[in-house]
Amino acid sequence: MRVLVLNGPNLNMLGTRQPEVYGPQTLADVEDRCTARGRDLGLEVTCRQSNDEAKLITWIQQASATFDAIVINPAAFSHTSIAIMDALLAVGLPAVEVHISNIHRREPFRHRSYVSQAAWGVISGFGVHGYELALDALARRHAQAQTTESQSAP
Ligand code: CA2
C-alpha cells in the first residue's frame, strides 16, 4: 500500500517557532517518523510539503495513479479551501486529515474544516504523533478490506 503524506502552508517551519502549540519536532523529523512507521506497517510512504494551494491540488489529482491513500495536514487551507476538498472528493482515495493541535480548543475560525467533508477520518490534538495514528488507521483499513475480499472470493 502506497501512502502520500501531504503537509500544507507554514508546516515547513515546524520546530522553529511556536513549539508550545506544534511541538519541538521539525518537518524532517515528522517525515522520518512517517517513513519509519510506514516501514513497520508495510506501507510505502512518500512525503511532500507545499505552501502553494495549487501544488497541493495537483499532487492530490495525480495521487490516484500512484497512491492508495492520502494523509493530509492542510494547515490553514483546512479552513478556507473548497478546492482542496473538491480535489479529494474527485480522486476518491481514502484520506485522513491530521491536525497537530486540537483545532476545536483554538479560535472559532479553526473549528470548521472544509477538508473534513472529504476525509475518511480526522485526527486532531495528538501532536505530531497524529501522523502515525493516521498511518495505523489506513493500514488497518487496508488489512480489513483484504480480509473481506479473500472471504468473498469463490
Ligand atoms: O494543528 C495543525 O496541524 C494545524 O493544521 C496547523 C495550521 C493551522 O492553521 C491549523 O488551524 C491547525 C498552522 C500550521 C503552521 O505551522 C507552523 C509551525 C511552526 C511555526 C509556525 C507555524
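Order of appearance sets the numbers: ligands from 1, and atoms from 1 within every ligand.
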Any N or O on [X] sitting closer than 3.5 Å to an N or O of ligand 1?
X      : value
His99  : yes
His79  : yes
Arg110 : yes
Thr16  : no
Arg17  : no

**Asked** Do Lys55 and Arg48 have side-chain heavy atoms sitting under 4.5 Å apart?
**Response**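 Side chain of Lys55 against side chain of Arg48, heavy atoms only: no contact under 4.5 Å found.
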
**Asked** Does Leu11 reach the side chain of Ile100, with side-chain heavy atoms less than 4.5 Å apart?
**Response**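 SC-SC contact between Leu11 and Ile100 confirmed.
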
**Prompt:** For the atom pair SG (Cys34) and CG (Leu41), what is the distance rounded to the nearest 0.5 Å?
**Reply:**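 The CG atom of Leu41 is 10.5 Å from SG of Cys34, to the nearest 0.5 Å.
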
Any idea which protein heavy atom is nearest [atom], and the distance to it?
atom                    : answer
atom 2 (C) of ligand 1  : Ile100 N, 3.3 Å
atom 1 (O) of ligand 1  : Ser101 OG, 2.5 Å
atom 13 (C) of ligand 1 : Tyr22 OH, 3.3 Å
atom 16 (O) of ligand 1 : Asn10 O, 3.5 Å

Which of the atoms in ligand 1, numbered in the order shown and given with their element, are less than 4.0 Å from a heavy-atom of [X]?
X     : answer
Ala76 : 9 (O)
Gln18 : 21 (C), 22 (C)
Leu11 : 14 (C), 16 (O)
Leu14 : 18 (C), 19 (C)

**Request:** Please say which of Leu89, Leu4, Leu88 ends up in a side chain to side chain contact (heavy atoms under 4.5 Å, CB included) with Ile60.
**Result:**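 Passing option: Leu88.
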
**Single hit among Val96, Leu14, Asn7, Leu6 for side chain to side chain contact (heavy atoms under 4.5 Å, CB included) with Asn73** =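 Per the side chain to side chain contact (heavy atoms under 4.5 Å, CB included) rule, the option paired with Asn73 is Asn7, out of Val96, Leu14, Asn7, Leu6.
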
Is a donor from one side chain sitting under 3.5 angstrom from an acceptor on the other, for [X] and [Y]?
X      : Y      : answer
Glu97  : His99  : yes
Gln49  : Asn51  : yes
Asp32  : Thr35  : no
Ser101 : Arg106 : yes

